[in-house]
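Read the structure below first, then the notes.
It should be emphasised that the depicted structure is a prediction, and the values quoted were computed from it without experimental measurement. Hydrogens, waters and symmetry mates are skipped; everything else that's a heavy atom, side chains included, is used. The first residue of the sequence shown is numbered 1, and numbering continues consecutively from there.
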Amino acid sequence: MSKPTKVLLDESRIPRAWYNIAADLPAPAPPPLHPGTRLPVGADDLAPLFPASLIAQEMSSERYIAIPDDVVDVYRLWRPTPLVRARRLERALGTPARIYYKYEGGSPSGSHKPNTAVPQAYYNAQEGTRKLTTETGAGQWGSALAFACAQYDMECEVWMVRASYDQKPYRRSLMGVYGATVHASPSQVTEAGRGVLAAEPDSSGSLGIAISEAVEVAAASPDTRYALGSVLSHVLLHQTVIGEEAIEQLAVLGETPDLIVGCAGGGSNFAGLSFPFLREKLAGRMDPVVRAVEPAACPSLTRGTYAYDFGDTAGFTPLLKMHTLGHGFIPDPIHAGGLRYHGMSPLLSHMYELGMFEAVAKDQTECFEAGVRFARAEGIVPAPEPTHALAEVVAEALRCKESGEPKVILTALCGHGHFDLAAYDRYLRGEMQDFAIPQERLDAALAALPAV
């Protein structure tokens, strides 16, 4: 009983700087390109959408960027987050592996997303922004930004992917509680949405379509800007508080991870956990294997192409060099709405090309099986997104059972699944299905990549 189940840090240990892995990469990532000129974008090109402070972070090569005191003050509502030893899961699996998870579900909106929503809202408020627009897949990002906007007295307008809008009504209710206006995407509010609905009235939507709608509205108003919950480098930067805390917490226990596993859609949760550890690996202080897990229904890393593509469906964004399934690819309506994005973060895509981490894809039934297994052992119902990482954690722990290896496995439980019980209900009733993507469907989407 003397062995700790969780490691809690005092509020004074909240990180005071975000870690920028771009400073330590062996080669810089390819720059985003202007869709008209095909030349690298500059700060002026991004100014209609983002405040100057975030643009500077996006382009920064500084290793550490100080976190403003006002942001730290809001972080105190839930940070530092606990590092938990999953002893009961270990016993249930009969594995010699030691499993740890960083639990981000205790934030106000129930996930890791406020780690970047709060600074994005802060910097926008500092520059006089009146309203932020955004997209959301599962609703975690939309509810986080709605909460953050409430902290700085700004309006928030959210386009929620139709599949999740229908599946998760209480996520949109939470956004409303925080004061946000929420539209199902594609919507009749924007030209981009109306165009999709004209071609496909029953469209289940996608993050790419929702991004197009949010960008369209933001670009049309001088006092409105756009906020993104993943993909871009400044978003990944803000999430590194997860990994920085985890390094300190594992050190308290005298542990060093052998394997780090994170779910990956656009990449913010995975990057937030892994980047500080990859810094230590690059410096020769530890040598963990780092593994991203994505949905088999939206496998940008494992089946996509590394190429320049638009970040949205309508082609409003700069061209990003990333692993992509094609900006016109509409993923099937899996329950992990936060992972239904056609591309991967350009920074992570570059690092994947450099061989800095591995990637695997999982079907959703395997993921929900792992989520139920975890819930029955550890008591927390995971959001569908981190069940992808948990599925790989379980698989690795069972491999350790066979080999006898006492590996230390670390993952990020990036959000709770209290708004996702309808999905768990479908799984428990045996009604959940997996979606196989024929290669010809991917080929058709990739054939429409822009020429660069």
Between the side chain of Ser221 and the main-chain N/O of Val217, is any donor-acceptor distance below 3.5 Å? no
Thr181 vs Val158 side-chain heavy atoms within contact, under 4.5 Å: no
Just wondering, do Phe357 and Leu348 contact through their side chains at under 4.5 Å, heavy atoms? yes
Look at the aromatic rings of His238 and Trp18 and report parallel, tilted or perpendicular, splitting at 30° and 60°. tilted
Any donor-acceptor pair under 3.5 Å linking the side chain of Thr302 with the backbone of Ala361? no
Could you check whether the rings of His323 and Tyr352 sit parallel, tilted or perpendicular, using 30° and 60° as the cut-offs? perpendicular
Does one side chain, of Lys102 or Thr411, offer a donor that lies under 3.5 Å from an acceptor on the other? no
Any ion pair linking Glu244 and Arg79 (charged N to carboxylate O, less than 4.0 Å)? no
Glu294 side chain near Pro299 side chain, heavy-atom distance below 4.5 Å: yes
Looking at side-chain heavy atoms only, is the closest gap between Val215 and Leu49 below 4.5 Å? yes
Please say whether the positively charged group of Arg172, taken as NZ for Lys or CZ for Arg, lies over the ring of Tyr165, i.e. under 6.0 angstrom from the six-membered ring centre and within 45 degrees of the axis. yes
Would you say Ser349's side chain and Met322's backbone share a donor-acceptor pair under 3.5 angstrom? no
Side-chain contact test, heavy atoms from C-beta onward, threshold under 4.5 Å: evaluate it for His112 versus Ser268 and give yes or no. yes
How close do Ile209 and Pro186 get, counting heavy atoms only, and between which atoms? CG2-CB, 4.0 Å
Walk me through whether Thr387 and Tyr424 qualify under side chain to side chain contact (heavy atoms under 4.5 Å, CB included). CA-CA 11 Å; Thr387 63; Tyr424 277 95; 3.5 Å; yes
Side-chain contact test, heavy atoms from C-beta onward, threshold under 4.5 Å: evaluate it for Arg291 versus Glu396 and give yes or no. yes
Does the pair Arg399/Glu402 count as a salt bridge with the N-to-O cut at 4.0 Å? no
Less than 3.5 Å apart, any donor N or O on the side chain of Glu135 or Tyr226 sitting next to an acceptor on the other? yes
So, does Asp312 use its side chain to make a donor-acceptor pair with the main chain of Thr317 at under 3.5 Å? yes
To check you understand the geometry: which heavy-atom pair defines the closest contact between Ala17 and Tyr64, and what is its length? CB-CB, 4.1 Å
Heavy atoms only: give me the nearest Arg194-Gln188 pair and the separation to one decimal. NH1-O, 2.7 Å
Without hydrogens or angle criteria, can the side chains of Glu104 and Asn115 be said to hold a donor-acceptor pair below 3.5 Å? yes
Taking only Lys NZ, Arg NE, NH1 and NH2, and the carboxylate oxygens of Asp or Glu, determine whether Asp24 and Arg279 approach each other closer than 4.0 Å. no
Could you label the plane-to-plane angle of the Trp159 and His183 rings as parallel, tilted or perpendicular, counting under 30° as parallel and over 60° as perpendicular? tilted
Taking the side chain from Glu358 and the backbone from Val290, do they hold a donor-acceptor pair closer than 3.5 Å? no
Can you find a side-chain donor-acceptor pair between Glu213 and Ser185 that sits under 3.5 Å? yes
Salt bridge flag under 4.0 Å for residues Asp223 and Lys131: no
Are Arg441 and Asp332 close enough for a salt bridge, meaning some N to O gap below 4.0 Å? yes
Exercise: do Gln439 and Asp443 side chains pair donor with acceptor under 3.5 Å: yes
When you check the side-chain N and O atoms of Tyr123 and Gln57, is any donor under 3.5 Å from an acceptor? yes
So, do Ile65 and Tyr19 sit near enough that their side-chain heavy atoms are less than 4.5 Å apart? no
What verdict does the side chain to side chain contact (heavy atoms under 4.5 Å, CB included) test give for Glu127 and Arg225, after you've listed the backbone C-alpha separation in whole Å, the side-chain angles of each residue and the deciding distance to 0.1 Å? CA-CA 11 Å; Glu127 296 190 23; Arg225 285 198 173 102; 4.2 Å; yes
Distance-only polar pair, side chains of Arg162 and Ser204, donor-acceptor under 3.5 Å: no
Between Ser143 and Arg171, do the side chains contain a donor N or O and an acceptor N or O under 3.5 Å apart? yes
